[in-house]
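Heavy-atom basis, side chains included; hydrogens, waters and symmetry copies ignored.
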Amino acid sequence: MEEKKKSNLWLFIPILTALVCGVASVAYIVFRMMSNKNYEEKWKDYDECGI
């Protein structure tokens with residue numbers, strides 16, 4: 001019975017790791033998109049004046 005619990009744990013760890021990496025990747029992509037949008041909004045007026 002003890003070996004069965006260890007086996008289940010070793011199957012769960014890679015799945016959990018992949019899930020955490022996936023969530024972190026999506027969060028990073030959303031953060032970068034918001035950051036780029038804010039940057040472009042900030043400098044939009046300067047693009048029109050030719051600087």
Side-chain angles (χ1 to χ4, degrees):
M1 195 64 140
E2 186 70 29
E3 289 181 26
K4 181 91 171 160
K5 288 183 182 181
K6 285 184 181 180
S7 177
N8 286 342
L9 182 64
W10 285 111
L11 286 174
F12 183 68
I13 289 175
I15 293 171
L16 183 62
T17 303
L19 202 61
V20 167
C21 288
V23 169
S25 297
V26 169
Y28 176 74
I29 290 169
V30 169
F31 172 76
R32 290 293 294 180
M33 287 174 58
M34 290 173 48
S35 177
N36 286 342
K37 182 182 176 214
N38 289 337
Y39 178 82
E40 290 174 9
E41 188 70 28
K42 177 181 176 182
W43 292 100
K44 180 175 62 172
D45 295 334
Y46 295 103
D47 288 337
E48 294 172 358
C49 71
I51 293 180

Across all chains, not counting sequence neighbours, the side-chain hydrogen bond (donor to acceptor under 3.5 Å, both in side chains) partners of K37 are none
Partners meeting side chain to side chain contact (heavy atoms under 4.5 Å, CB included) with I29 (sequence neighbours left out)
M33
For E40, all residues meeting side-chain hydrogen bond (donor to acceptor under 3.5 Å, both in side chains), sequence neighbours excluded:
none
Check: S35 side chain, F31 main-chain N or O, donor-acceptor pair, under 3.5 Å
no
Distance, nearest 0.5 Å, that separates CG of L11 from CG of L16
13.0 Å
Rounding to 0.5 Å, atoms CZ (F12) and OG1 (T17) come to a distance of 9.5 Å
